[in-house]
**Q** 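Encoded as structure tokens, here's the structure I'll be asking about.
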Amino acid sequence: MTIEEKITQSVLSAINKLYGQQVPEGQIQLQSTKKEFEGDLTLVVFPFLKISKKSPEETANDLGTELLKSEPLISKFNVIKGFLNFSIAHSYWIELLNSIISSENYGITPATDSSPLVMLEYSSPNTNKPLHLGHVRNNLLGYSLCLILEANGNRVVKTNIVNDRGIHICKSMLAWKKFGNGETPESSGKKGDHLVGDYYVRFDQEYKAQIKALTGNGMSEEEAKKQAPLMQEAQEMLLKWEKNDPETVELWKMMNSWVYKGFDETYKRMGVSFDKIYYESQTYLDGKEKVVEGLNKGVFYKREDGSVWADLTSDGLDEKLLLRADGTSVYMTQDIGTAKQRFDEYPIDKMIYVVGNEQNYHFQVLAILLDRLGFSWGKGLVHFSYGMVELPEGKMKSREGTVVDADDLIDEMIVTARETSEELGKLDGLSEEEIANIARTTGMGALKYFILKVDPRKNMTFNPKESIDFNGNTGPFIQYTYARIRSVLRKAAEMQIELPAKLPNDLQISEKESNLIQSVAGFANVVKEAGEQYSPALIANYIYDLVKEYNQFYHDFSILKEENEQLRAFRLLLSESVSKVIKNGVGLLGIDVPERM
RNA sequence: GGUCGGGUAGCUCAGUUGGAUAGAGCAACAGCCUUCUAAGCUGUGGGUCAAGGGUUCGAAUCCCUUCCUGAUCACCA
């Protein structure tokens, strides 16, 4: 039973005693007391004025007096307007700290064999260009959500669906064939995904030139886009691919393998991973099959031209195409096929798709279609929708070269982290390997925290020059606090200070200290809420508040120099518990912590 | 036009099922290192919570209207 639950029960009986009335438990509003007031927990008494028939202050005073008598955990109280602030006995906080210290991973609930199985799809790249900042947001959100769900006792399968087929891939292939002169990642020293991306850009340049030439000869732009030889060739190539033309398939396989190698590197640097990767080239046929099955069951219908549609007007939506007249599949068909494969392979209880908010409509439709096709988790699928990352100049556009490349960004972060460390002279005497590790940890910490601390629904602005900071509400600030605590703990070990497994609960501690225990204890609830709301930002903001509070404590109190040994041990254990929560907390964001920085 | 988001300090963002004087960081200014890591701490200035109305003892938060903004409404993926 938490302290809030205990006090709630006491308040209920106090009200019953004073006013002879039972009030519903939901009426008891207990919240932690705001920093600027004395006390630990606050009861809002406004809801009881009708039964007390007294002023807010009198009501609060009556309740406070009664509770002070009846509830031993309450050591004193004060009243400000309609707010009754309780101070909780020191012994309670010490006991709470004791229980946090003794638990292995406070706040984390491990999964068991009978836990719900959640499958989470994220990343979902195209194989025609390297990953950019938008993908970075997707990957970090997706991976963090997996960790948060696991920490809430779910079995999680991390999946990726790679969009490895379609006209856009053919564009890169065609440009490489025409202009590449056999260039490979090995021959050019370029990362495979970048190499292929360069040919995608090259296609676009040449294509635009052809359009320009055609319109110069008086052709309409629309017509020119269709008639441009390059586009026609690309379309021919797609047809060849679909017909399994050996040469085309060979080229496709080769270039895709370059891209996968490049992606793997970037994923590794971001620290994300997958349990199972699906490829659209292997799922779209299943999608067709499933649509035909739906057609036979009468879930879908066929038009005169042979195309297959779903009628969603009864759900307040439009009609949706599922198969073209020529029998080829569309995006939705592929997602249905992928869903089928997943469902066949795993006993999925819940499916979460981490995909940008431009596809809200798509997933609304997908949920209905899967449900109609009989997937038990279809209706309840979660589209974790997040906003775009924009630059100060506006949206990123890969074809115009205004994207922030993921690899470049990561490099830059790490270099900046290293420069900052060197300027501060923090790493003197450490080995090159240690320095590189710390730079990587703090650089990635800065990037990850920057992206994960904001509400995913919102579009965010990324200013390459200004956005990445290492002071204030940032990853490195949190990591620094961790390193600082670890340093104190190392010194304590050097001084051979022995820490008791359990603190005596008659210790006299300050309100700042008991507040800090309260904040540390709040971690468990934050993890739970982050899991319920699918919100890494909740964890990030909690950890930031905790760290800020700890830094104030650190500044105001001596730890190692405290002469009272019990108090010194208390502060060390308090610091240690903060460090563990920091580590586990940012760990749920995929962020590492350095022992020194 | 329909549907779904978003609008909080100069900038980037928090703000718990409606609760106290709306908070951080950055930027600006002023302090604090012979003392556990100053990537820190403290202070000052900065707000019509887009606007108006409603519900409520109490609204940034809930409801209605309006404005601004983004996404989407493809036989593209």
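Lettering of chains follows the sequences in order, A, B, ..., and the numbering in each one begins at 1. Nothing here was measured: the structure is a model prediction, and the numbers come from that model.
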**Q** For every nucleotide of nucleotides 19-24 of chain B, 5' to 3': is a protein heavy atom under 4.0 Å from its base (B), only from its sugar-phosphate (S), or from neither (-)?
**A** BBS--S

**Q** Write down the distance between NZ (A/Lys226) and C1' (B/rC75), rounded to a whole number of angstrom.
**A**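 In whole Å, B/rC75 C1' and A/Lys226 NZ are 12 Å from each other.
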
**Q** When you check the glycosidic angle of B/rC33, does it come out syn, meaning within 90° of 0, or anti?
**A**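 With its glycosidic angle within 90° of zero, B/rC33 counts as syn.
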
**Q** At 4.0 Å (heavy atoms only), tell me whether A/Phe477 reaches a base, stays on the sugar-phosphate, or touches nothing.
**A**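 Sugar-phosphate contact only - A/Phe477 comes under 4.0 Å of backbone atoms but never of a base.
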
**Q** Write down the distance between CZ (A/Arg596) and P (B/rC36), rounded to a whole number of angstrom.
**A**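 The answer, rounded to whole Å, is 15 Å.
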
**Q** Looking at A/Arg324, I'd like to know whether one of its side-chain N or O atoms comes within less than 4.0 Å of OP1 or OP2 on B/rC76.
**A**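 For A/Arg324, the contact criterion (side-chain N or O under 4.0 Å from OP1 or OP2 of B/rC76) is met.
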
**Q** Please report the C-alpha distance between A/Tyr550 and A/Phe553 in whole Å, then the side-chain angles of each, then the deciding distance to 0.1 Å, and finally whether the ring pair (Phe, Tyr, Trp, His ring centres under 6.0 Å) criterion is met.
**A** CA-CA 5 Å; A/Tyr550 179 80; A/Phe553 159 80; 5.4 Å; yes

**Q** Report the distance from atom CG of A/Asp428 to atom C1' of B/rU37, rounded to the nearest whole Å.
**A**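 For the pair A/Asp428 CG and B/rU37 C1', the rounded distance is 13 Å.
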
**Q** How close or far is atom C1' of B/rA60 from atom NZ of A/Lys458, stated in whole angstroms?
**A**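 Atom NZ in A/Lys458 sits about 11 Å away from atom C1' in B/rA60.
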
**Q** Verify the distance criterion only: is there a donor paired with an acceptor across the side chains of A/Asn128 and A/Ser172 at less than 3.5 Å?
**A**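 Checked: A/Asn128/A/Ser172 side chains show no N/O donor-acceptor pair below 3.5 Å.
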
**Q** Are OP1 or OP2 of B/rG6 and a side-chain N or O of A/Arg457 less than 4.0 angstrom apart?
**A**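 Yes.
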
**Q** Using a distance-only test with no angle check, is there a side-chain donor-acceptor pair under 3.5 angstrom linking A/Glu390 and A/Thr461?
**A**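 The criterion, which ignores hydrogens and geometry beyond distance, is not satisfied for A/Thr461 and A/Glu390.
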
**Q** Can you tell me the distance, in whole Å, between the NZ atom of A/Lys320 and the P atom of B/rU3?
**A**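 Checked: the NZ to P distance equals 18 Å.
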
**Q** Contact class for A/Phe557 (heavy atom, under 4.0 Å): base, sugar-phosphate, or nothing?
**A**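 It contacts base atoms.
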
**Q** For B/rU42, does either OP1 or OP2 sit under 4.0 Å from a side-chain N or O belonging to A/Gln552?
**A**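 Checking A/Gln552 against B/rU42: at least one side-chain N or O falls below 4.0 Å of OP1 or OP2.
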
**Q** Scan A/Tyr361 against the nucleic acid and name what it touches under 4.0 Å (heavy atoms): base, sugar-phosphate only, or nothing.
**A**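 Touches sugar-phosphate only.
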
**Q** Take a 6.0 Å sphere around CD of A/Glu532 and say whether it holds more than 12 heavy atoms from other residues, nucleotides or ligands.
**A**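 More than 12 within 6.0 Å, yes.
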
**Q** Where the side chain of A/Thr328 meets the backbone of A/Arg324, is there a donor-acceptor pair that is under 3.5 Å apart?
**A**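 Pair absent, no side-chain N/O of A/Thr328 close to backbone of A/Arg324.
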
**Q** Which comes earlier along RNA chain B counting from the 5' end, the contact point of A/Pro594 or that of A/Asn541, where each point is its nearest nucleotide?
**A**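 Whichever sits nearer the 5' end wins; that is A/Asn541.
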
**Q** Need to verify one output field. Residue with the more 5' nearest nucleotide on RNA chain B, A/Pro476 or A/Phe553?
**A**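 Upstream on the strand: A/Phe553.
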
**Q** Might you work through the ring pair (Phe, Tyr, Trp, His ring centres under 6.0 Å) test for A/Tyr122 and A/Tyr353, ending with a clear yes or no?
**A** CA-CA 6 Å; A/Tyr122 72 104; A/Tyr353 295 84; over 10 Å; no

**Q** Rounding to the closest angstrom, what is the interatomic distance between B/rA71 and B/rC75 at atom C1'?
**A**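 So the two C1' atoms sit 22 Å from each other.
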
**Q** Who does B/rC26 pair with, Watson-Crick or G-U, both distances under 3.5 Å?
**A**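 Its partner is B/rG10.
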
**Q** For A/Glu222, is the CD atom crowded, meaning more than 12 foreign heavy atoms sit under 6.0 Å from it?
**A**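 Result for CD/A/Glu222: open.
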
**Q** Starting at atom NZ of A/Lys528, determine the distance to atom P of B/rU17, rounded to an integer number of angstrom.
**A**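 Taking atom P of B/rU17 as the reference, NZ of A/Lys528 is at 12 Å.
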
**Q** Whole angstroms only, please: what is the CG-P distance between A/Leu424 and B/rG40?
**A**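 The answer, rounded to whole Å, is 9 Å.
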
**Q** Provide, to the nearest angstrom, the distance between the CD atom belonging to A/Gln334 and the P atom belonging to B/rC76.
**A**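 Rounding to the nearest Å, CD of A/Gln334 and P of B/rC76 are 12 Å apart.
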
**Q** Please work out whether the ring planes of A/Trp241 and A/Tyr284 are parallel, tilted or perpendicular, with thresholds of 30° and 60°.
**A**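 A/Trp241 and A/Tyr284: tilted rings.
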
**Q** Base, sugar-phosphate alone, or nothing: which one does A/Met388 contact when heavy atoms must sit under 4.0 Å apart?
**A**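 Here A/Met388 touches no strand at all.
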
**Q** For A/Ile435, does its backbone N or O pair with a side-chain atom of A/Arg418 as donor and acceptor, under 3.5 Å?
**A**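 Here the side-chain-to-backbone pair does not exist.
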
**Q** Just name whichever nucleotide pairs with B/rA20, Watson-Crick or G-U, keeping both distances under 3.5 Å, else none.
**A**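 Pairing partner: none.
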
**Q** Which part of the nucleic acid, if any, lies within contact of A/Glu390, taking any heavy atom under 4.0 Å across all strands shown: a base, the sugar-phosphate backbone alone, or nothing?
**A**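 Nothing, no heavy atom under 4.0 Å.
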
**Q** At under 4.0 Å between heavy atoms, what does A/Thr442 touch on the DNA or RNA strands: base, sugar-phosphate, or nothing?
**A**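 The answer is nothing, as A/Thr442 stays clear of every strand by at least 4.0 Å.
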
**Q** Quick one: is B/rC36 close enough that its OP1 or OP2 comes under 4.0 Å of any side-chain N or O from A/Arg486?
**A**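 No.
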
**Q** For A/Gln31, is the CD atom crowded, meaning more than 12 foreign heavy atoms sit under 6.0 Å from it?
**A**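 More than 12 within 6.0 Å, yes.
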
**Q** Contact class for A/Asp455 vs. all strands (heavy atom < 4.0 Å): base, sugar-phosphate, or nothing?
**A**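 Since only primed, P, OP1 and OP2 atoms lie under 4.0 Å of A/Asp455, the category is sugar-phosphate.
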
**Q** Taking the same atom, P, in B/rC49 and in B/rA9, what whole-Å distance lies between them?
**A**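 B/rC49 and B/rA9 have their P atoms separated by 10 Å.
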
**Q** Ignoring backbone atoms, establish whether A/Lys491 has a side-chain N or O less than 4.0 Å from OP1 or OP2 of B/rU37.
**A**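 Answer yes for this pair, as a side-chain N or O of A/Lys491 is under 4.0 Å from OP1 or OP2.
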
**Q** Can you tell me whether the side chain of A/Lys561 and the base of B/rU35 have a donor-acceptor pair closer than 3.5 Å?
**A**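 Answer is no: no donor-acceptor pair is held.
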
**Q** Using the C1' atoms only, state how far B/rU56 lies from B/rG10, rounded to an integer number of Å.
**A**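 Roughly 35 Å separates the two C1' atoms.
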
**Q** Of the nucleotides B/rC26, B/rU37, B/rA14, which one has an atom closest to the side chain of A/Asn471?
**A**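 The answer is B/rC26, which lies nearest to the side chain.
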
**Q** If you measure from the P atom in B/rU61 to the same atom in B/rG6, how many Å do you get, rounded?
**A**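 Between the two P atoms, the distance is 13 Å.
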
**Q** Looking only at atom C1', what distance separates B/rG47 and B/rG23, rounded to whole Å?
**A**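 Between the two C1' atoms, the distance is 12 Å.
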
**Q** Give one of base, sugar-phosphate or nothing for A/Gln359, where a contact means two heavy atoms less than 4.0 Å apart.
**A**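 Touches a base.
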
**Q** Would you say A/Asn357 reaches B/rG70's phosphate, i.e. side-chain N/O to OP1/OP2 under 4.0 Å?
**A**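 Answer no for this pair, as no side-chain N or O of A/Asn357 is under 4.0 Å from OP1 or OP2.
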
